[in-house]
Amino acid sequence: MSVRLRFAPSPTGHLHVGGARTALYNYLYAKKMGGQFILRIEDTDVERSTEAALKMQIEDLVWLGLKWDEGVDPKTHESFGPHGPYRQSLRKSIYQEHAQKLLQQGKTYYDFRTDEELDAIKQQAEADGGFHRTARPEKIYSLEEAQAKLAKGEKAAVRFRVDDIRDYKLHDLVRGEVSFPSDMVGDFVILRSNGMPVYNFCCVVDDALMKITHVLRAEEHLSNTLRQQMLYEAFGYPTPHFGHLSLVLGEDRQKLSKRHGATSCHEYMERGYLPDALLNFIALLGWGTTDDKEIFSRQELIDAFSLDRLNPAGAVFDETKLKWMNSIHLRAMEHKELWKLIDPRLKAHGIECPQDAEWVDRALGLFKTSMETLEDAIPRFQPIDDRLFSIKDDAAEVFTWESTKKVLEAWKLGLESAPDYMTGEDFEKLQNGIKDSVGVKGKNLFMPIRVAVIGQPHGAELKILVPLLHKKSLLNRVDQCLKK
RNA sequence: GUCCCCUUCGUCUAGAGGCCUAGGACAACUCCCUUUCACGGAGUAGACACCGAUUCGAAUUCGGUAGGGGACGCCA
């Protein structure tokens with residue numbers, strides 16, 4: 001039987017990098033084993049789940065390239081696959097049926113306490129010694145009594161009885177043998193008073209019905225597994241294999257959250273990171289191989305992935321290393337593909353560049369070694385656009401030097417007989433010629449030329465930049481300088 | 001408070017009793033290349049949380065301590 005894994009986000013915002021890593025591991029294992037990867041939407045919290053957020057989550061997964069075999073359609077959000085629907089909000093009747101089964105068996109009961117009452121109980125418990133577990137209500141109504149009350153319009157949640165006091169053992173894929181005492185949790189809610197089921201319940205019903213074989217999820221769910229095991233037993237469903245992944249942490253070793261800065265894949269996309277680099281990086285946050293290999297393509301990750309190398313300790317998300325990894329992936333890209341990502345970013349900054357393949361190829365060849373992210377292209381390419389050329393204030397000193405005018409004139413003269421595009425060597429030859437003919441060297445030589453190319457005395461390396469500028473463009477710029 | 005999990009260089013990690021005077025990568029630092037930067041190359045520095053036990057021998061096994069994290073919701 002082939003493996004079936006799922007990623008089950010709740011749509012409350014953009015995809016978090018921790019979530020992305022969970023999705024990735026599930027995806028990798030499914031692909032590695034030739035099984036299915038399923039996307040299920042956990043939108044039972046109607047307060048927080050939004051259509052807009054669902055769209056974001058899906059777009060982020062698509063950007064990462066984690067394609068799913070069953071789930072909701074990336075465009076229409078309609079379910080596809082044999083065990084649908086894949087949105088929990090559309091599976092209410094399925095949950096109702098399952099809840100009824102437990103109710104009939106007496107494994108659950110109706111709890112008529114209100115939020116206020118529960119809050120008061122919790123507050124009291126905290127005051128008494130910080131013990132938070134929700135206690136059983138003083139009176140539990142029989143099914144008939146409860147149904148009569150409900151018929152009168154009273155609201156009640158359905159709770160699962162935790163009566164069987166014993167140790168539950170879990171063979172965790174990441175942590176090995178873990179055991180929980182069942183009195184670690186109190187009677188827990190499976191159906192809210194508005195009829196909407198809650199996470200632990202849906203999760204069990206869906207994983208069982210969707211025939212999920214392995215569940216890789218964040219460590220924060222470890223204690224939920226106890227409740228879920230109780231439900232699996234109550235239904236008589238086989239339990240999947242669980243693996244609880246360590247958390248992704250911020251620099252202060254706390255769970256990565258907003259206050260640490262960028263936490264969503266979307267933000268990393270905006271900052272100019274490549275999906276392959278981000279994937280490669282998060283894959284190595286809590287998983288690794290025995291060899292020294294660190295740069296993985298998507299396919300290499302699939303081939304190399306294995307559950308027994310998942311690390312139980314939390315891992316700090318270090319953007320510096322991500323940056324380095326991004327630069328490696330960036331350089332490995334085909335120039336044509338890379339340009340498809342860079343050019344729109346330049347245009348967004350009002351930078352227009354030549355589009356012929358030969359020029360693009362040359363430009364990327366020269367610039368990409370100094371770029372870590374796609375955003376780094378902006379300062380690199382900015383000097384290319386003639387319309388953006390201007391003589392900056394910090395060039396003023398250069399124009400006070402006596403030799404500057406002579407250098408600029410010699411530069412112009414040299415340009416006139418130069419080819420449309422000079423090579424780096426052409427440029428050096430020309431520059432050396434000026435050094436000899438005008439008789440200046442050092443900054444008196446370099447700075448005026450740099451100003452005549454980029455409008456300021458410091459910045460781009462001319463040997464790289466000049467070959468990317470058309471002769472006409474260079475002449476235009478030096479003319480502007482000579483008018484000063 | 002209760003329960004659960006975790007603990008190797010600053011960070012990600014390799015390490016499954018002798019291969020470890022603990023390996024790699026990022027970052028840092030030094031030097032080389034380079035008439036700025038970057039890339040590249042060569043180096044330097046830097047860790048087994050602590051205490052006991054088992055063993056001829058422990059980063060690796062066991063126990064305890066400390067520290068960190070997570071959970072304790074009609075959130076997921």
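Values reported hereafter were calculated over all heavy atoms of this structure, with side chains retained and with hydrogens, waters and symmetry mates removed. Chain identifiers are assigned alphabetically (A, B, ...) following the order of the sequence lines, protein sequences preceding nucleic acid strands; residue numbering begins at 1 within each chain.
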(request) Remember a base hit wins even if backbone is also touched, and classify A/Thr44 as base, sugar-phosphate or nothing at under 4.0 Å, heavy atoms. (result) sugar-phosphate
(message) Using the ring centroid of each side chain, check whether A/His221 and A/Tyr199 are separated by less than 6.0 Å.
(response) yes
(message) Heavy atoms only, 4.0 Å cut-off, all strands: where does A/Lys255 land among base, sugar-phosphate and nothing?
(response) sugar-phosphate
(message) Looking at A/Phe112, I'd like to know if the NZ or CZ of A/Lys149 sits under 6.0 Å from its six-membered ring centre while staying within 45 degrees of the ring's axis.
(response) yes
(message) Determine whether a donor-acceptor pair (one donor, one acceptor, N or O, separation below 3.5 Å) exists between the side chain of A/Ser223 and the base of B/C72.
(response) no
(request) Starting at atom CZ of A/Phe188, determine the distance to atom C1' of B/A76, rounded to an integer number of angstrom. (result) 15 Å
(message) Base, sugar-phosphate or nothing for A/Asp252? Non-hydrogen atoms, less than 4.0 Å.
(response) nothing
(request) Scan A/Arg48, A/Glu47, A/Glu42 and name whichever one has a side chain to side chain contact (heavy atoms under 4.5 Å, CB included) with A/Thr12. (result) A/Arg48
(request) For nucleotides B/A47 and B/A59, find the distance between their P atoms and express it as a whole number of Å. (result) 15 Å
(request) Would you kindly give the NE2-to-P distance between A/His221 and B/G73, to the nearest whole Å? (result) 15 Å
(message) Please verify the inter-ring angle class for A/Phe367 with A/Phe381; under 30° counts as parallel, over 60° as perpendicular, anything in between as tilted.
(response) perpendicular
(message) If I take atom CD in residue A/Glu154 and atom C1' in nucleotide B/C74, what distance separates them, rounded to the nearest angstrom?
(response) 16 Å
(request) In whole angstrom, give the distance that lies between atom CD of A/Glu428 and atom C1' of B/U34. (result) 10 Å
(request) Would you mind reading off the distance between A/Asn280 atom CG and B/A25 atom C1', rounded to a whole angstrom? (result) 12 Å
(message) Between A/Tyr268 and A/Phe281 (judged by ring centroids, cut-off 6.0 Å), do the two rings come close enough to count as a pair?
(response) no
(message) Parallel, tilted or perpendicular, judged at 30° and 60°: which one describes the rings of A/His14 and A/His266?
(response) parallel
(request) Would you indicate what A/Arg450 reaches in the nucleic acid, counting non-hydrogen atoms under 4.0 angstrom: base, sugar-phosphate, or nothing? (result) base
(request) Determine the Euclidean distance between corresponding P atoms of B/G41 and B/A27; express it in Å to zero decimal places. (result) 12 Å
N/O to N/O distances under 3.5 Å, protein versus nucleotides 63-65 of chain B:
none

Residues 448-457 of chain A side chain polar contacts: donor-acceptor under 3.5 Å, at least two apart:
from     : atom 1 : to       : atom 2 : distance (Å)
A/Arg450 : NE     : A/Ala460 : O      : 3.3
A/Arg450 : NH1    : A/Pro457 : O      : 3.2
A/Gln456 : NE2    : A/His458 : O      : 3.2

(request) For nucleotides B/C12 and B/G69, find the distance between their P atoms and express it as a whole number of Å. (result) 14 Å
(request) For nucleotides 3-12 of chain B, just jot down a letter per nucleotide in 5' to 3' order: B, S or -, based on protein non-hydrogen atoms under 4.0 Å. (result) SSSSS---SB
(message) Is it true that A/Gln88 and A/Asp43 share a donor-acceptor pair across their side chains at a distance under 3.5 Å?
(response) no
(request) Select base, sugar-phosphate, or nothing to describe what A/Leu245 touches, counting heavy atoms under 4.0 Å on all strands. (result) nothing
(request) Report yes if a side-chain nitrogen or oxygen of A/Arg309 is closer than 4.0 Å to either non-bridging phosphate oxygen (OP1 or OP2) of B/A14; otherwise report no. (result) yes
(message) Using atom P in both nucleotides, what's the gap between B/A53 and B/G57 to the nearest angstrom?
(response) 11 Å
(message) Please determine whether a side-chain nitrogen or oxygen atom of A/Thr290 lies at a distance below 4.0 Å from atom OP1 or OP2 of B/G15.
(response) no
(request) Mind calculating the distance between CD1 (A/Ile464) and P (B/G40) to the nearest angstrom? (result) 13 Å
(request) Pick the C1' atom in B/G64 and in B/U44, then give their distance to the nearest Å. (result) 39 Å
(message) Under a 3.5 Å cut-off for both contacts, is B/C3 paired Watson-Crick or G-U wobble with anything, and if yes, with which nucleotide?
(response) B/G70
(request) Return yes if a side-chain donor-acceptor contact under 3.5 Å exists between A/Ser370 and A/Arg380, otherwise no. (result) yes
(message) What's the gap between B/A45 and B/A38 when it is taken at their C1' atoms, as a whole Å value?
(response) 25 Å
(request) Figure out the CG/P separation between A/Asp119 and B/C74, and round it to whole Å. (result) 9 Å
(request) Check the distance between B/A25's C1' and A/Asp291's CG and give it to me in whole angstrom. (result) 12 Å
(request) Tell me which nucleotide among B/C26, B/C74, B/G69 gets nearest to the side chain of A/Trp324. (result) B/C26
(message) The side chain of A/Thr320 is closest to which nucleotide in this list: B/C26, B/U36, B/C74?
(response) B/C26
(request) Identify whether NZ of Lys or CZ of Arg in A/Arg166 sits under 6.0 Å from the centre of the six-membered ring of A/Tyr168 and within 45° of that ring's axis. (result) yes
(message) Any salt bridge linking A/Arg87 with A/Glu51? Criterion: basic side-chain nitrogen under 4.0 Å from a carboxylate oxygen.
(response) yes
